[in-house]
Amino acid sequence: MSKDTVTLINNRDGKSYEFPILDATVGPSVINISTLYKETGMFTYDEGYTSTASCRSDITYIDGAAGKLMYRGYDIAYLAQEKTFLDTAYLLLNGDLPNKAELDNFSFEMQKRSFVNEGVKKLFDAFPDRAHPMAILSAGVSALSTFYFKHLEITNKEEYKEMANRIVAKIPTLAAFSYRYSQGLPIIYPDMNRGFTENFLYMLRSYPHNYVELRPIEIKALDTIFTLHADHEQNASTTAVRNLASTNAHPYAAISAGIGALWGKSHGGANESVIRQLEMIGSVDRVDKFIAKAKDKEDPFRLMGFGHRVYKNFDPRAGVLKKIRNELMGELGISSELVEVANKIEDIALSDEYFVSRGLYPNIDFYSGLILQALKIPKEMFAVIFVIGRTPGWIAQWSELNKQKSVKIARPRQLYVGSDDRTPEY
Ligand code: SDX
């Protein structure tokens with residue numbers, strides 16, 4: 001425990017204040033300013049929390065400058081290449097990679113718990129055709145709490161394990177059902193003989209009586225995408241989940257809120273926006289026009305799939321996905337027009353001073369959108385894929401906060417810039 005401090009001097013009254021430095025296992029130390037308001041009568045100000053740590057965590061670590069990402073100390077490239085998504089989900093939920101017996105048991109748990117209560121289907125019937133699957137999924141997850149109400153209070157390891165397995169296993173089924181309902185298609189129940197990722201593709205694509213074509217390269221590509229999305233420190237949707245955890249909200253409410261936050265196109269909705277933007281640009285000869293718009297401060301247009309709050313050199317997940325996209329190119333015939341536009345944008349962004357000086361490199365969403373399209377996953381399901389991958393991370397983060405000896409409810413302050421009291425005499 002460091003005894004070092006940082007001194008803050010207020011040049012208005014010459015007073016100085018000492019704040020302790022807390023050191024990380026790896027990465028930036030923090031200045032503990034929790035007593036700052038009490039000592040100075042002032043708040044700190046940090047819109048979007050660009051320099052603010054909201055919690056202690058031992059789940060995920062990102063080094064934005066080095067383009068490094070670790071889940072519980074394991075590098076993302078190792079997990080993506082050598083392990084499966086279920087290995088990674090188990091690691092996030094339980095703290096260590098599973099041995100063979102633990103993985104087999106976890107995989108059986110996922111198959112067994114993949115079915116949802118038949119009552120949930122009535123909820124789906126309420127939605128109109130073409131309802132966005134993220135809206136259906138968010139409502140469906142929240143509704144699960146009415147069927148599994150004993151999870152509303154998690155008091156021990158067994159209850160945590162059962163809740164975590166239940167939510168991770170049921171979200172792909174809810175996700176596939178959400179899509180099938182939104183298209184007016186018959187739902188396909190999970191198949192106990194298929195693995196986690198294969199089962200999701202099967203429920204999404206199959207027709208009754210088992211007609212479906214699933215290639216190993218597709219299953220592996222999607223499994224890797226789930227792994228790459230599984231957690232990412234205190235991003236916006238994880239912050240939403242932890243905020244609900246701090247109010248003692250149950251996991252279904254927290255995950256439903258995380259889905260809502262992730263849906264934003266600056267966050268998990270970006271991969272759907274990437275494809276829509278590439279389709280809108282349409283051809284290589286229109287790319288320069290939109291690059292100019294992205295650089296124009298007066299123009300709200302932004303290049304979807306570029307930039308990241310933390311990665312200012314490259315997003316290591318994008319590197320893994322770029323390799324998969326290139327492997328899939330021949331195999332699955334990603335539309336060449338779209339890829340040519342994407343390649344032109346990427347080439348410009350990697351050399352143009354505007355992007356390079358701001359550290360705006362292709363992020364995970366730039367490549368995941370192209371791969372998901374090659375896997376014939378509908379655009380409106382892209383953010384849903386992100387949810388399936390991120391759910392183990394959200395649950396691990398929800399649980400980490402709840403395991404703290406004392407939980408402080410998330411309640412930031414503000415810089416008030418409104419009217420002074422102007423209440424008339426009355
Ligand atoms: C995800 O946080 C996470 O970990 C998220 C995520 C996860 O796994 O959970 O990694 C998943 O959300 C990835 C990001 C997906 N979003 C997009 O691809 C949408 C496009 N990107 C931008 O919206 C933006 O880059 C953000 C939101 C991703 C990051 O925004 P920041 O860190 O708040 O950066 P900023 O808005 O302060 O921008 C810095 C500068 C600004 O210019 P100046 O004011 O300095 O002149 O870069 C510019 C911005 O205008 N800029 C862009 C741009 N992104 C930032 N200019 C053009 N196109 C862009 N995409």
Side-chain angles (χ1 to χ4, degrees), residues 46-54 57 59-65 67-71 76 80 88 92 225-242 258-278 281 287 289-321 342 345-346 348-350 352-370 372 382-383 385-394 396-397:
D46 180 16
E47 194 175 334
Y49 315 122
T50 53
S51 304
T52 296
S54 60
S57 181
I59 300 173
T60 294
Y61 173 68
I62 301 173
D63 179 336
K68 186 168 181 61
L69 167 60
M70 295 193 297
Y71 296 156
I76 192 66
T88 303
L92 288 167
I225 284 182
F226 287 151
T227 293
L228 296 172
H229 285 82
D231 196 52
H232 214 235
E233 286 191 6
Q234 305 312 316
N235 58 83
S237 51
T238 298
T239 298
V241 169
R242 283 184 85 116
I259 294 171
L262 192 75
W263 195 3
K265 69 179 193 180
S266 290
H267 189 15
N271 49 18
E272 177 180 347
S273 305
V274 165
I275 297 299
R276 292 189 190 287
Q277 198 170 77
L278 293 174
I281 294 171
V287 166
K289 174 185 162 196
F290 287 95
I291 292 285
K293 282 171 66 67
K295 291 159 66 172
D296 176 358
K297 295 309 300 162
E298 302 311 310
D299 191 326
F301 179 83
R302 284 198 162 182
L303 272 189
M304 290 293 112
F306 282 82
H308 197 278
R309 170 61 58 74
V310 179
Y311 295 121
K312 296 303 177 191
N313 275 325
F314 66 97
D315 181 338
R317 304 167 298 176
V320 176
L321 285 179
I345 291 173
E346 185 184 6
I348 294 174
L350 292 176
D352 183 294
E353 187 278 336
Y354 172 91
F355 296 96
V356 173
S357 64
R358 291 168 176 80
L360 301 177
Y361 293 85
N363 59 41
I364 187 168
D365 294 287
F366 185 70
Y367 296 105
S368 64
L370 287 168
L372 293 173
F382 286 8
I385 300 292
F386 201 139
V387 170
I388 296 172
R390 188 53 53 92
T391 294
W394 281 337
Q397 298 271 355

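Each ligand, and each atom within it, is numbered from 1 in the order the structure gives. Throughout, numbering of the chain's residues begins at 1 and tracks the sequence. We use all heavy atoms of the structure for the numbers below, so side chains are in, but hydrogens, waters and symmetry mates are not.
Using cut-offs of 30° and 60° on the angle between ring planes, the pair His267 and Phe386 is perpendicular.
The shortest heavy-atom distance from Gly305 to ligand 1 is under 4.0 Å. At a 4.0 Å cut-off, not a single heavy atom of Ile364 sits close enough to ligand 1 to count as contact. No heavy atom of Phe366 sits closer than 4.0 Å to any atom of ligand 1. At least one heavy atom of Lys297 sits closer than 4.0 Å to an atom of ligand 1. Within the 4.0 Å heavy-atom shell around ligand 1 one does not find Glu233. Residue contacts with ligand 1 include Arg390, since one or more of its heavy atoms lies under 4.0 Å from the ligand.
Residue His232 forms a ring-ring contact (aromatic ring centres under 6.0 Å, His included) with just one option from Tyr71, Tyr311, Tyr61, and that option is Tyr311. Checked against Phe306 for a ring-ring contact (aromatic ring centres under 6.0 Å, His included), the options Tyr361, Tyr354, Phe366 give a single hit: Phe366.
Partners of Asp315 by salt bridge (Lys or Arg N to Asp or Glu O under 4.0 Å), not counting sequence neighbours, listed by chain and number: Arg317.
Looking only at protein heavy atoms, the nearest one to atom 27 (C) of ligand 1 is Ser266 O, 4.0 Å. Looking from atom 20 (C) of ligand 1 to the surrounding protein, the closest heavy atom is Phe306 O, 3.4 Å. Given atom 52 (C) of ligand 1, the protein heavy atom at minimum distance is Leu360 CD1, 3.5 Å.
On a distance-only criterion, Leu303 and ligand 1 share at least one N/O pair closer than 3.5 Å. Between Lys265 and ligand 1, not a single N/O pair is under 3.5 Å apart.
With Gln397 contributing its side chain and Thr238 its backbone, the two residues share no donor-acceptor pair below 3.5 Å.
Taking the six-membered ring wherever Trp is involved, the centroid distance between the rings of Phe301 and Phe290 falls below 6.0 Å.
Judged as a salt bridge (Lys or Arg N to Asp or Glu O under 4.0 Å), the pairs with a partner in residues 261-275 (not counting sequence neighbours) are, in order, Glu272-Arg276.
Nearest to atom 33 (O) of ligand 1 by heavy-atom distance, out of Lys293, Gln277, Arg309, is Arg309. When the options Arg302, Gln234, His232 are ranked by their closest heavy atom to atom 36 (O) of ligand 1, first place goes to Arg302.
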